[in-house]
Amino acid sequence: MVALSSPRPDLSGSEHPSDRFFRFARAEAAEELAAGYRIRYQVYCVERGFFDPADYPSGREEDAFDAVSVHILATHSDDGQAAGTVRLVLNSPLGFPLQGHCTLVPGHEWLQDPGDEAAAHCAEISRLAVSKLFRRRAGDGVYGGPPRRRSAAGAAEVIEFPVPCDTPEILFGIHREIYQQSKRLGITHWIVAMERGLAIILERMGSVFAPIGPKVDYFGPVRPYVMSVRDYESNLHRTAPATLNYMTAGLEPELLPMALRGLQIPRTSSR
């Protein structure tokens with residue numbers, strides 16, 4: 001278990017500190033999508049060197065999976081500047097991006113079977129990226145850092161201040177949008193290929209993914225993971241009910257976890 005560097009925020013209401021400064025929503029307009037692709041280009045091509053920038057003369061990193069994905073964009077609430085992005089790759093004849101790079105351990109072949117009912121309701125969390133404009137403070141990592149405050153010098157300026165919580169603010173809000181969009185789409189399982197550092201951050205947020213394959217070199221050293229949405233809800237209900245309240249704030253009543261409708265959430269396996 002990773003030690004927390006500061007107290008957890010009070011999420012008994014529906015607001016996390018990130019909500020004061022950022023807006024998180026599904027990106028559908030052409031310019032919203034382009035803003036996310038530009039962040040991906042900056043992070044995946046320029047900063048981390050996973051792709052050759054010369055292959056993307058438009059300054060946008062895109063691929064075939066974008067057409068079968070739900071895209072999420074974080075924007076600064078004052079000036080609308082794009083701050084972060086992620087996509088949920090839905091089940092399609094293309095399969096999932098990690099299938100071309102990761103080996104899955106026995107018992108998880110269902111993820112590669114388009115006819116399996118669970119796989120049909122699975123989505124891959126992919127292309128998570130936070131703009132470098134919001135990673136300027138000491139201690140900020142590749143996924144940003146704890147909440148910031150408004151600055152009279154400019155809405156997009158990043159400044160240091162006493163940290164009220166240890167979770168990267170943009171990542172926290174993006175995670176809520178991933179969860180809510182998944183509920184609306186009937187997604188029951190998430191898969192993701194990620195580095196151990198991101199897995200630790202997500203564990204702090206109550207997202208405990210189960211590893212389902214060995215480490216591979218795929219955008220750096222990563223391994224594949226899976227988690228059921230129901231297990232995610234169950235874990236938050238037991239360990240961090242205030243966070244569950246935040247994650248479900250604004251969600252349609254019929255999509256709320258059973259525990260928030262007065263029913264018990266059953267514990268399930270990773271499948």
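Quantities reported herein were computed from a predicted structural model and do not represent experimental measurements.
By the 4.5 Å heavy-atom criterion applied to side chains, L88 and S182 are counted as neighbours. The shortest side-chain heavy-atom distance between L251 and K183 falls under the 4.5 Å cut-off. Within the 4.5 Å cutoff, the side chain of V43 has no heavy atoms near those of the V130 side chain. Residues M227 and S207 meet the side-chain proximity criterion, which asks for heavy atoms closer than 4.5 Å. Looking only at side-chain heavy atoms (C-beta outward), H71 and E28 stay at 4.5 Å or farther from each other. Residues T103 and V216 are not in side-chain contact: their nearest non-hydrogen atoms beyond the backbone lie 4.5 Å or more apart. Using a 4.5 Å heavy-atom threshold, the side chains of P224 and Y218 count as separate. Side-chain contact between C45 and F50 is absent, with no heavy atoms from C-beta onward closer than 4.5 Å.
Summarising the geometry, atom CD1 belonging to I125 is positioned 12.0 Å from atom OG belonging to S69; distances are rounded to the nearest 0.5 Å. To the nearest 0.5 Å, atoms CD1 (I39) and NZ (K132) are separated by 12.0 Å. If you take CD1 on I187 and CD on Q181, they are separated by 10.5 Å, rounding to the nearest 0.5 Å. Taking OG1 from T248 and CG from L256, the interatomic distance works out to 5.5 Å, rounded to the nearest 0.5 Å. Atom-to-atom distance recorded for F65:CZ and S92:OG is 7.0 Å, nearest 0.5 angstrom. In this structure, the separation between CD on Q42 and CG on L133 is 8.0 Å, given to the nearest 0.5 Å.
Heavy atoms only, all atoms of each residue included: I72 and T85 are closest at O-OG1, 3.1 Å. Contact detail for L73 and A35: the closest heavy-atom pair is CD2-CB, 4.2 Å. Closest approach of A74 and I170 over heavy atoms only: CB-CG2, 4.0 Å. Looking at every heavy atom in both residues, A82 comes nearest to T75 through CA-CG2, 4.1 Å. Across all their heavy atoms, N91 and A119 have their closest contact at ND2-O, 3.1 Å. Here the shortest heavy-atom pairing between V89 and F96 reads O-CE2, 3.4 Å.
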Worked verdict on L260 versus N245 for side-chain contact (heavy atoms from CB on, under 4.5 Å): CA-CA 9 Å; L260 298 186; N245 288 340; 4.0 Å; yes

Worked verdict on M205 versus L171 for side-chain contact (heavy atoms from CB on, under 4.5 Å): CA-CA 10 Å; M205 296 164 56; L171 181 57; 4.2 Å; yes

Full working for salt bridge (Lys or Arg N to Asp or Glu O under 4.0 Å) between E177 and R26: CA-CA 8 Å; E177 196 62 27; R26 180 170 177 169; over 6 Å; no

C122 vs L111, side-chain contact (heavy atoms from CB on, under 4.5 Å): CA-CA, chis, key distance, verdict: CA-CA 8 Å; C122 183; L111 287 169; 3.8 Å; yes

Stepwise side-chain contact (heavy atoms from CB on, under 4.5 Å) check, R230 with M258: CA-CA 10 Å; R230 180 171 289 180; M258 289 183 286; 4.2 Å; yes

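In this structure, the ring of F134 has its center less than 6.0 angstrom from the ring center of F22. A centroid separation of less than 6.0 Å is found between the aromatic rings of Y246 and F172. Within the 6.0 Å centre-distance limit, the rings of Y232 and H175 are counted as a close aromatic pair.
A continuous path of hydrophobic side-chain contacts links F219 to V46 [ILVMFWY only; heavy atoms under 4.5 Å]. L33 is not connected to V70 by any chain of hydrophobic side-chain contacts under 4.5 Å among Ile, Leu, Val, Met, Phe, Trp and Tyr, and they are in different clusters. Note on L255 and I178: same hydrophobic cluster, where clusters join Ile, Leu, Val, Met, Phe, Trp and Tyr whose side-chain heavy atoms are under 4.5 Å apart, directly or indirectly. The cluster map of Ile, Leu, Val, Met, Phe, Trp and Tyr, joined by side-chain heavy atoms under 4.5 Å apart, puts L128 and I201 in the same cluster. V105 and V208 fall into different hydrophobic clusters, where Ile, Leu, Val, Met, Phe, Trp and Tyr side chains are chained together by heavy-atom contacts under 4.5 Å.
Between D63 and R87 there is a salt bridge, with a side-chain nitrogen of the basic residue lying less than 4.0 Å from a carboxylate oxygen of the acidic one. We find that R40 and E47 are not joined by a salt bridge, their nearest charged nitrogen and carboxylate oxygen being 4.0 Å or further apart. For E203 and R196, the salt-bridge test passes: some basic side-chain N is under 4.0 Å from an acidic carboxylate O.
In this structure, a donor-acceptor pair under 3.5 Å is present between the side chains of Q180 and R184. In the model, R238 has a side-chain atom that pairs as donor or acceptor with a side-chain atom of S234 under 3.5 Å. Remark: the E233 side chain and the Y179 side chain contain an N/O donor-acceptor pair separated by less than 3.5 Å.
Judged by a 6.0 Å distance limit and a 45° cone about the ring axis, R176 is not positioned over the six-membered ring of F24. Remark: R127 is positioned above the aromatic ring of Y44, its terminal NZ or CZ atom under 6.0 angstrom from the ring centre and at most 45 degrees off the axis.
Classified by interplanar angle (parallel below 30°, tilted 30° to 60°, perpendicular above 60°), the ring pair F209/W190 is tilted.
H121 places a side-chain N or O within donor-acceptor distance of the main-chain N or O of G186, the cut-off being under 3.5 Å.
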